[in-house]
Amino acid sequence: MRQGMTYTGYFSRLESRQHELLGVDLGQGVSRRTLLLGLITFTLWDSPLLLAFGIPSVQWLTIYLLPPVVLTVLGAQPSKGCDRRTVLAGWVIGAHYQIHGHRPVIRGGRVVADRSEWIPRPARWARVAPALTRAVGAATAARLLGTAEADAVPASGPVVELAHTVRLYGPDHIVKAAGRSRRKGRST
């Protein structure tokens, strides 16, 4: 079997880098996308803490700095599942699925899903249900997960039965059909 080489992976790793920041040499440079993610993460984490508690003391400095650093370092890494995404994007997509469920894409565009097309919450959370039950208790987990009957939706119409019929068209029929379409001015 012949194998080709794909060059698009090389192009997706091209990115601008910041080699100097406020007069400090950063060596080989830091990705500007990572710097932007860090800036947003630090702003969203530290702003409420600064407003609520003020300037941190030395003992509380870890709470101000460690969560944004960990989120930035781990979230900016490339995803193993999808080459074009970061790990943070995978986390966001996974959380969105767990909260909102399945929204199918219909006709090449985004169409609002009918309620009968949704995957119920207990089915979505089946993988994490045992850990959730151990963490918060059975009663709280049952309230968070809901019951299958609560999310179950009746079918939107009667059951449709399909009768499969196999047809085999020979070359003479295909030539005849192609001749008809040419006479009408259509091209195939």
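Computation of the quantities below employed the complete heavy-atom set of this structure, encompassing side-chain atoms and omitting hydrogens, waters and symmetry-equivalent molecules.
The same ILVMFWY cluster, assembled from side-chain heavy atoms under 4.5 Å apart, contains both V73 and L65. In the hydrophobic clustering of ILVMFWY residues, with side-chain heavy atoms under 4.5 Å counting as a link, I63 and L66 come out apart.
Contact of the L88 side chain with the Q77 side chain is not registered, since no non-hydrogen atoms from C-beta on lie closer than 4.5 Å. Between F42 and V69, some side-chain heavy-atom pair lies under the 4.5 Å cut-off. Looking at heavy atoms from C-beta onward, L74 lies out of side-chain contact with V87 at the 4.5 angstrom threshold.
Residues L50 and P56 share a closest heavy-atom pair of CD2-CD, 4.2 Å. Considering every non-hydrogen atom in both T133 and A138, the closest pair reads CG2-CA, 3.9 Å. Here the closest heavy-atom approach between residue G75 and residue L37 is recorded as C-CD2, 4.2 Å.
Separating the CG atom in L35 from the CD1 atom in I40 is a distance of 11.0 Å, to the nearest 0.5 Å. If you take CG on L71 and CG on L44, they are separated by 10.0 Å, rounding to the nearest 0.5 Å.
Heavy atoms of other residues, nucleotides or ligands lying less than 6.0 angstrom from CD1 of I55 number 12 at most. Counting non-hydrogen atoms of other residues, nucleotides and ligands closer than 6.0 Å to CH2 of W60 gives a total of 12 or fewer.
Side-chain atoms of Y64 never come within 3.5 Å of backbone atoms of D46 as a donor-acceptor pair (strictly under, hydrogens ignored).
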